[in-house]
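A short worksheet on the structure shown next.
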Amino acid sequence: MAAVAGLNAFLSFYRSAALQRPLAAQWTSTFPHRGLCGVPTKTNKPKTPTPTENESLLDNLNLMGVDVKRARQRQPGVLRKPFTNEHGLAKFLKGKGASCKVVAGIVSRYPRAITRSIEHLERRWELWRDIFETDAHIVSILDRSPESFFRSSDNENLKKNIAFLTSLGLNNKDLHRLLTKAPRTFSNSLELNKQMVEFLEEVCVELGGEKQNLFPKSVISKNLYILIRSTKRVKTNIDILRAFLELSNSELLDILQGPVAQIIDLSNVYLKNNFHALQQRLVSNGCGKSDLKNLVLRYPMVLFTGSETLSSKMDCLVRGGITMKQILEKPKVLDYSIQNITGRLEELHRVRYDFEKKGISILDSSKKRFAAKMEKLETEGKFLHYDVT
């Protein structure tokens, strides 16, 4: 028993000291050295051994509260690495204000974080602090999206991309949004990002634009994902828009700098199929090409919605007494789920709301505003009832 107690005391001391060791000491192998023998197969070729997981690493992650099962599903190769820096990462993040729970969540969702050195983490943090105001802000982003910080190991490339995007006129707010929503932008090589920017400048010139140096900024600020798509995809989508909407060069130039920019990164097949389905639906309801054009220009997000879902939403509205003309005039009502639309229609029918006289703006309102409006309508209905009686 004394020997067991002594061994436990030694292990406790060793784990405590591991968190305090300098980087060079942390980056030592905790993977047991094993000799592996190939097992001959029927073809007499040696069988490649399956790498085993680092048991010491698994113990450390469990002690940190990491969801190892989830980490294994995300990036299983990390758990087989002989050299990792989980203790260094935990100490670094806690020093920036992250709780143990946040650290565990980061590693659970993006295990590759434990392969980054302290030097790398410090330099990357410096670059992010040029964009974000506080350490707490960065920690909150890592808690939501660890990939945005840990995906790339090339800090120099990150620095170059930040400088390049800033040169386009993008401000810290734009860079903030890019880092949190489209972090692969900064993992791209600088040359790849330059290719997209040059392509957008060429589009502007071809369409008769005179401010091609400002055009890329306008498009990127509207569509954060554009830089992680291929120029071929974007070019094809621009051609699809021109063909379906029968746009002139000046019209196309204008809409690409507006909300329509949000859809030019979609899959070409998806965009084309949704265009076809929307066109057929409108034609079946007596609408013409001009209605399709006006709908897309007014509410381009309609093309984000799958054709079956969009058709179901329109059917739900029509069954509820809404006309296609009203939908075209207030297309943002299609933003809401079928369940939400159905529920609101039922409530409005209960108070005998007249859509023909009052329109459908009430359907396109926030949850809070809709509830307030319903309360007012119900009160008015009670007073009307009392007057009648």
Side-chain angles (χ1 to χ4, degrees), residues 23 26-27 74-75 77-78 81 83-86 88-98 102-103 105-107 109-201 213 216-231 234 265:
L23 177 63
Q26 290 176 27
W27 281 82
R74 293 295 180 93
Q75 294 164 349
V78 173
K81 286 186 176 294
F83 301 99
T84 51
N85 189 28
E86 62 276 11
L89 173 70
K91 186 176 181 180
F92 176 83
L93 291 176
K94 288 176 184 177
K96 300 299 182 182
V102 168
V103 173
I106 288 171
V107 178
R109 285 174 289 146
Y110 204 79
R112 200 173 296 153
I114 66 175
T115 67
R116 307 302 185 217
S117 70
I118 296 298
E119 181 183 11
H120 166 85
L121 294 172
E122 289 176 342
R123 179 58 182 140
R124 200 163 193 83
W125 202 274
E126 288 175 9
L127 291 169
W128 274 53
R129 274 305 303 270
D130 289 339
I131 298 171
F132 300 99
E133 295 181 358
T134 64
D135 287 343
H137 198 173
I138 299 177
V139 169
S140 69
I141 291 169
L142 266 60
D143 188 26
R144 296 195 308 270
S145 175
E147 179 186 6
S148 61
F149 187 87
F150 296 104
R151 178 182 175 84
S152 172
S153 61
D154 191 341
N155 285 334
E156 190 60 30
N157 187 60
L158 172 61
K159 181 181 178 180
K160 290 177 180 178
N161 274 321
I162 290 174
F164 173 64
L165 294 170
T166 302
S167 73
L168 299 177
L170 296 171
N171 56 32
N172 274 11
K173 184 178 180 181
D174 296 319
L175 296 178
H176 175 177
R177 292 166 60 225
L178 280 167
L179 276 170
T180 53
K181 295 190 175 182
R184 278 198 290 155
T185 298
F186 298 90
S187 302
N188 284 349
S189 68
L190 178 61
E191 290 305 313
L192 192 60
N193 284 336
K194 283 185 175 180
Q195 283 178 22
M196 178 58 77
V197 169
E198 289 168 0
F199 164 74
L200 292 173
E201 290 175 341
N213 58 319
K217 174 198 171 184
S218 181
V219 175
I220 295 169
S221 62
K222 299 291 190 306
N223 189 330
L224 300 174
Y225 304 97
I226 193 82
L227 288 167
I228 58 176
R229 307 304 185 208
S230 68
T231 55
V234 176
D265 73 304

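Judged by distance alone, with hydrogens and angles left aside, the side-chain atoms of R129 form a donor-acceptor pair with the main-chain N or O of E133 at under 3.5 Å. In this structure a side-chain-to-backbone donor-acceptor pair under 3.5 Å is missing from D154 to S187. The closest donor-acceptor contact from the side chain of N193 to the backbone of L165 lies at 3.5 Å or more, if one exists at all. Remark: side-chain polar atoms of T84 are not paired, donor with acceptor, to backbone N or O of E86 under 3.5 angstrom. Under the 3.5 Å distance criterion, the side-chain polar atoms of E201 are left unmatched by any main-chain donor or acceptor of N213.
Between T231 and L200, every side-chain heavy-atom pair lies at or beyond the 4.5 Å cut-off. Residues E126 and D130 have side chains not in contact (no heavy-atom distance under 4.5 Å, counting atoms from C-beta outward). A 4.5 Å side-chain heavy-atom check between F164 and L170 finds every atom pair outside the cut-off. Within the 4.5 Å cutoff, side-chain heavy atoms of F92 are placed close to those of E122. Considering only heavy atoms from C-beta on, R112 stays 4.5 Å or farther from R74 through its side chain. In this structure the side chain of N85 never reaches within 4.5 angstrom of the side chain of R116, judged on heavy atoms.
Residues K96 and V139 share a closest heavy-atom pair of O-CG2, 3.7 Å. Annotation for F149 and R124: closest pair O-NE, 2.7 Å, computed over non-hydrogen atoms. Among all heavy-atom pairs drawn from L224 and K181, the shortest one is CD1-CD, 3.8 Å. The two residues S148 and L179 have their closest heavy-atom pair at CB-O, 3.0 Å. Nearest heavy-atom pair, I106 versus P146, reported as atom, atom and distance to 0.1 Å: CG2-CB, 3.9 Å. When every heavy atom of A182 is checked against every heavy atom of I228, the shortest pair comes out as CB-CD1, 4.4 Å.
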Might you work through the side-chain contact (heavy atoms from CB on, under 4.5 Å) test for W128 and L142, ending with a clear yes or no?
CA-CA 11 Å; W128 274 53; L142 266 60; 4.2 Å; yes
Where do S189 and E191 land on the side chain to side chain donor-acceptor pair (under 3.5 Å) test, with the steps shown first?
CA-CA 5 Å; S189 68; E191 290 305 313; over 6 Å; no
Applying side-chain contact (heavy atoms from CB on, under 4.5 Å), run through S152 and L158 and close with a yes or a no.
CA-CA 8 Å; S152 172; L158 172 61; 5.9 Å; no
Where do L93 and W125 land on the side-chain contact (heavy atoms from CB on, under 4.5 Å) test, with the steps shown first?
CA-CA 10 Å; L93 291 176; W125 202 274; 4.2 Å; yes
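Side-chain contact annotation: N155 with R123, donor-acceptor N/O pair under 3.5 Å absent. No side-chain donor-acceptor contact under 3.5 Å links S145 and E147. The closest side-chain donor-acceptor pair between N188 and N161, if any, does not fall under 3.5 angstrom.
The distance from atom CD1 of I131 to atom CD1 of I138, rounded to the nearest 0.5 Å, is 8.5 Å. To the nearest 0.5 Å, atoms CZ (R229) and CG (D265) are separated by 4.5 Å. Interatomic distance, OG1 of T115 versus CD of Q75, reported as 8.5 Å (0.5 Å rounding). The line from CG of L178 to CD1 of I220 is 7.5 Å long, rounded to the nearest 0.5 Å. Between the OG atom of S221 and the CD1 atom of I226 there is a distance of 11.0 Å, given to the nearest 0.5 Å. Distance check, rounded to the nearest 0.5 Å: OG1 of T166 to CG of N172 gives 7.0 Å.
Remark: K222 NZ is packed, more than 12 non-hydrogen atoms of other residues, nucleotides or ligands lying under 6.0 Å away.
The aromatic rings of F150 and Y110 sit parallel to each other, their planes meeting at less than 30°, with 60° as the upper class boundary.
Looking at D143 and R109, a side-chain N of the basic residue comes within less than 4.0 Å of a carboxylate O on the acidic one, giving a salt bridge.
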